[in-house]
Colleague: 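If you scroll down you'll find the structure; I have some questions about it.
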Amino acid sequence: MTSYSDQQYRERVYEIVRQIPAGKVMTYGQIALILGEGYTARTVGYCMHSVDDGVPWQRVINSQGKISTDRLTLPHSLQQSILESEGVTFNDKGKCDLGMYQWHPKGHEPEPDGQTRLFG
DNA sequence: AACTTGACGAGGG
DNA sequence: CCCCTCGCCAAGT
């Protein structure tokens with residue numbers, strides 16, 4: 001049974017978000033992928049509309065490296081300024097470099113995928 | 001029970 | 001880079 005109002009369901013999302021250090025971000029889809037079963041980028045986004053205290057909600061953005069909270073409960077300008085204060089920079093198009101700022105939880109680092117191995 | 005609505009994402013033009 | 005279409009899945013009507 002998975003529903004957005006189910007505290008258990010949302011808590012799994014927050015548990016991951018709480019691991020994101022300042023200066024780093026994660027995407028909705030990335031979180032959904034880690035949680036798997038029952039979670040999609042959309043459902044993760046839905047869980048984020050109201051979070052528990054202590055959850056760094058501002059560190060979750062979309063896969064394009066942009067902020068999705070436009071004209072919603074939270075002014076997207078606020079989210080960007082908070083992230084900038086944490087060290088995340090955005091270009092003139094309102095986009096940040098995910099390759100530079102995306103955080104990967106322990107045990108979920110991206111596959112090295114061989115090649116470019118500096119040492120034999 | 002059908003239809004619309006999202007803090008989404010990948011793909012194509 | 002921007003815009004649109006689909007697929008996604010639970011909520012609200």
Side-chain angles (χ1 to χ4, degrees):
Chain A
M1 45 163 72
T2 55
S3 71
Y4 304 130
S5 54
D6 182 352
Q7 184 58 34
Q8 273 300 88
Y9 183 82
R10 295 180 312 189
E11 189 52 40
R12 286 199 274 281
V13 173
Y14 306 155
E15 192 178 322
I16 291 180
V17 177
R18 271 190 283 261
Q19 296 178 53
I20 311 173
K24 290 289 183 177
V25 300
M26 276 185 83
T27 68
Y28 302 94
Q30 180 190 6
I31 294 172
L33 202 57
I34 290 174
L35 293 173
E37 172 200 1
Y39 291 84
T40 65
R42 271 201 188 295
T43 61
V44 169
Y46 227 96
C47 290
M48 296 301 292
H49 69 28
S50 80
V51 299
D52 295 340
D53 288 343
V55 177
W57 54 271
Q58 74 276 17
R59 297 173 193 158
V60 184
I61 62 181
N62 65 34
S63 68
Q64 305 171 73
K66 291 183 176 179
I67 287 169
S68 300
T69 55
D70 197 10
R71 71 172 180 176
L72 231 67
T73 313
L74 308 160
H76 109 304
S77 56
L78 169 63
Q79 181 169 6
Q80 181 169 330
S81 55
I82 295 179
L83 284 176
E84 291 178 324
S85 73
E86 297 182 338
V88 179
T89 63
F90 291 79
N91 64 20
D92 54 328
K93 299 293 187 278
K95 175 182 170 186
C96 78
D97 184 349
L98 283 180
M100 186 66 123
Y101 303 109
Q102 183 166 28
W103 169 253
H104 299 284
K106 197 66 178 171
H108 291 287
E109 289 85 0
E111 276 298 322
D113 244 10
Q115 90 302 58
T116 64
R117 210 185 314 176
L118 298 181
F119 302 97

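These numbers come from a predicted model, not from an experiment. Just so it is clear: chains get the letters A, B, ... in the order the sequence lines come, proteins before strands, and each one is counted from 1.
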Colleague: Can you check side-chain contact (heavy atoms from CB on, under 4.5 Å) on A:Trp57 and A:Val17, steps first, answer last?
Modeller: CA-CA 7 Å; A:Trp57 54 271; A:Val17 177; 5.8 Å; no
Colleague: Between the protein and nucleotides 2-5 of chain C, which nitrogen or oxygen pairs come in under 3.5 angstrom?
Modeller:
| residue | atom | partner | partner atom | Å |
| --- | --- | --- | --- | --- |
| C:dC2 | OP2 | A:Lys66 | NZ | 3.4 |

Colleague: Determine the minimum heavy-atom distance between A:Asp52 and A:Glu11, stating which atoms define it.
Modeller: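 Looks like OD2-OE1, 3.4 Å.
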Colleague: Choose from C:dC9, C:dC1, C:dA11 the nucleotide whose nearest atom is closest to any side-chain atom of A:Thr40.
Modeller: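 Nearest listed nucleotide: C:dC9.
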Colleague: Quick check: closest heavy atoms across A:Met48 and A:Val13, and the distance to 0.1 Å?
Modeller: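 Closest pair (atom of A:Met48, atom of A:Val13, distance): SD-CG1, 4.1 Å.
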Colleague: If you only use heavy atoms from C-beta on, which nucleotide in B:dG9, C:dC9, C:dC1 is closest to the side chain of A:Thr27?
Modeller: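 Looking only at side-chain atoms, A:Thr27 lies closest to B:dG9.
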Colleague: If you check every side-chain atom of A:Gln79, which of B:dG9, B:dA7, C:dA11 has the closest atom?
Modeller: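 Looking only at side-chain atoms, A:Gln79 lies closest to B:dA7.
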Colleague: Would you kindly give the CD-to-P distance between A:Glu37 and C:dA10, to the nearest whole Å?
Modeller: 10 Å
Colleague: Given C:dC9, B:dA7, B:dG9, which nucleotide is nearest the side-chain atoms of A:Ala41?
Modeller: B:dG9
Colleague: Hey, does the side-chain of A:Tyr28 have a donor or acceptor N/O within less than 3.5 Å of a partner on the base of B:dA7?
Modeller: yes
Colleague: Find the distance A:Tyr14:OH to B:dA7:P and express it as a whole number of Å.
Modeller: 14 Å
Colleague: What is the distance, rounded to the nearest whole Å, between atom CD of A:Gln64 and atom P of C:dC1?
Modeller: 9 Å
Colleague: For the residue pair A:Lys66 and A:Gly94, what are the closest heavy atoms and their distance?
Modeller: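 It is CG-O, 3.6 Å.
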Colleague: Rounded off to whole Å, could you give me the CE-to-P distance for the A:Met48 and C:dA11 pair?
Modeller: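 One finds 17 Å between P of C:dA11 and CE of A:Met48, rounded.
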Colleague: Atom CD of A:Gln102 to atom P of B:dG9: distance rounded to whole Å?
Modeller: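 Rounding to the nearest Å, CD of A:Gln102 and P of B:dG9 are 10 Å apart.
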Colleague: Between C:dC9 atom P and A:Tyr46 atom OH, what is the distance in whole Å?
Modeller: 16 Å
Colleague: Tell me, yes or no, whether the heavy-atom count around A:Asp53 atom CG, taken from other residues, nucleotides or ligands under 6.0 Å, exceeds 12.
Modeller: no
Colleague: From C:dC8, C:dA11, B:dG9, pick the nucleotide closest to the side chain of A:Asn62?
Modeller: B:dG9
Colleague: Do A:Met100 and A:Leu83 sit in one hydrophobic cluster, given that two such residues count as connected whenever their side-chain heavy atoms are within less than 4.5 Å of each other, even indirectly?
Modeller: yes
Colleague: Send over the distance from A:Tyr39 OH to B:dG6 P, rounded to a whole Å.
Modeller: 22 Å
Colleague: Does A:Ser63 have a side-chain nitrogen or oxygen under 4.0 Å from the phosphate oxygens OP1 or OP2 of B:dG9?
Modeller: yes
Colleague: Whole-Å distance between B:dG9 C1' and A:Ile34 CD1?
Modeller: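 So the CD1-C1' distance, A:Ile34 to B:dG9, works out to 16 Å.
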